[in-house]
Amino acid sequence: MRSSRSLRRLAPIALLAIALALAACSDPQTTVDPKSDFADDIQFVYLLTFWLGMAVFIGILALTIGLAFWYRERPGRVAKQIHGNTRLEIVWTLIPVVLVVVMAVPTWQVIADSSKPAPDDALRVNAIGRQWWFEFQYDLDNDGEYDDLITANELHIPAGRPVTFSLLADDVIHSFWVPQLAGKVDMVPGHVNDLWFTPHEDAARAEAYLGQCAEFCGTAHANMRFRVFVDTPEGFDAWVANEQADGAEPADELAQLGQELFLTPVWTLPGGGGGILGCTGCHTVAGAPGAVGKIGPNLTHVGSRSTIAAGILDTNFENLVAWISNPDREKPGADYNDDTARFMPAFETVLTREQIEAIAVYLLGLQ
């Protein structure tokens, strides 16, 4: 009995501690701070559903407590037996119907609005889900050719301008989800899904909005992330101009060595027995002769990106060395074998530490 009373006294303290702990949490993928028109619509439907549900909860709770008090057992009182009440039954049938209609109508309206074609002046982007990273192809002049600018895992869009995405996948089903900007839409092989939204004017900021694949797609699904930077119109134009330029030339001898190693077509395994395809077999660096691979991310300006490995590692020298040495160690599932040659090999099996460091220096210089 004593322990039971102690537990009852501790319960409010425990609830308060949990509430304080949750209040200190920060969620960078929040849905309650929308930064686009599409996210505003989703938030409106969510709040409508939440408050209607809260009203039902409070109403039923209050009614339950009231009835329990009014009709509680008392000396000399005999319970009244009621067998059916048509009016009451009609009322409690109509109330849920009205609530569902109130939620359904705006939901249908949001679905209809989001399914309309994007405005003619919208920025057009192909977003392609791959195992396990995202590629973004821009059609800047609206000619239907998505080759004006190609980047990976970091998307830049201008504030205040509609952006329309053609969502594709080249292997399995992925999903495009940026909670503060757009709801989840699947990327299905052999099928194109469309999504468009307009970032708010005040959405422009230096900090990225975090996106993620939200459809289980294999071993490294949880590490398939991307970042969306909403720039001012002027900032977006400056970013485009920099991205369309060729990759920077090596700045020193170590970077020159890194470029030479990067451009090596095939490395022979120690002791013979075959070789490993070089970086140019998978990656493109504009302006670097022979670096025209399409299997892996475009690395033309990889040094200016905030992250590597689909958003799981900050872009710095140590992380680049670790990633080139053995990507599977940093991102399980990103290994290379004969059956899945799209993945990156562990170059520590054919290169020395010094050679890997030279390649890392070269890549960091691609600003």
Side-chain angles (χ1 to χ4, degrees), residues 1-116 175-186 195 197 200 202-203 209-212 214-216:
M1 181 67 75
R2 183 178 300 173
S3 61
S4 177
R5 286 197 298 268
S6 300
L7 287 174
R8 284 198 294 270
R9 292 194 190 101
L10 288 174
I13 300 174
L15 289 174
L16 179 61
I18 292 172
L20 290 173
L22 291 176
C25 293
S26 174
D27 184 3
Q29 288 186 305
T30 180
T31 60
V32 298
D33 184 19
K35 293 297 183 179
S36 76
D37 52 355
F38 188 18
D40 283 339
D41 292 341
I42 295 173
Q43 177 70 353
F44 169 74
V45 173
Y46 166 76
L47 288 176
L48 175 66
T49 304
F50 174 83
W51 287 116
L52 284 175
M54 185 61 68
V56 171
F57 170 75
I58 293 174
I60 292 177
L61 183 62
L63 188 60
T64 301
I65 294 173
L67 292 175
F69 177 77
W70 292 325
Y71 297 104
R72 69 189 184 278
E73 182 182 4
R74 283 174 284 185
R77 178 169 183 162
V78 178
K80 183 180 180 180
Q81 302 299 318
I82 299 175
H83 299 283
N85 187 319
T86 303
R87 183 180 298 175
L88 182 60
E89 291 170 1
I90 291 174
V91 169
W92 71 40
T93 300
L94 287 178
I95 289 176
V97 171
V98 171
L99 291 174
V100 170
V101 170
V102 170
M103 291 185 289
V105 171
T107 300
W108 290 335
Q109 186 61 51
V110 169
I111 293 173
D113 290 343
S114 63
S115 300
K116 293 177 181 177
S175 190
F176 183 96
W177 184 48
V178 192
Q180 287 187 266
L181 297 174
K184 170 185 177 294
V185 180
D186 283 346
L195 164 70
F197 59 83
H200 294 328
D202 63 355
Y209 297 96
L210 301 188
Q212 179 139 5
E215 187 74 26
F216 181 70

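Side chains are part of it too, since the values below use all heavy atoms of this structure and drop only hydrogens, waters and symmetry mates.
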Are the side chains of [X] and [Y] in touch, meaning some heavy atoms are under 4.5 Å apart?
X: Thr31; Y: Tyr46; result: no
X: Pro106; Y: Leu48; result: yes
X: Glu215; Y: Lys184; result: yes
X: Leu67; Y: Leu63; result: yes

Taking side chain to side chain contact (heavy atoms under 4.5 Å, CB included) as the definition, give me every residue that meets it alongside [X], ordered by chain and number, with sequence neighbours left out.
X: Trp51; answer: Leu47, Met54
X: Asp202; answer: His200
X: Ile65; answer: Leu61

Non-neighbouring partners of Phe176 that pass ring-ring contact (aromatic ring centres under 6.0 Å, His included), sequence neighbours left out: Phe165, Phe226
Residues forming a ring-ring contact (aromatic ring centres under 6.0 Å, His included) with Tyr71, sequence neighbours excluded: none
Within 6.0 angstrom of Arg87 CZ, more than 12 heavy atoms from elsewhere: no
Donor-acceptor pair, side chain of Tyr209 and main chain of Ala203, under 3.5 angstrom: yes
Side chain to side chain contact (heavy atoms under 4.5 Å, CB included) between Trp177 and Val185, worked out: CA-CA 7 Å; Trp177 184 48; Val185 180; over 6 Å; no
Pairs satisfying salt bridge (Lys or Arg N to Asp or Glu O under 4.0 Å), at least one member in residues 99-116, at least two apart: Asp113-Lys116
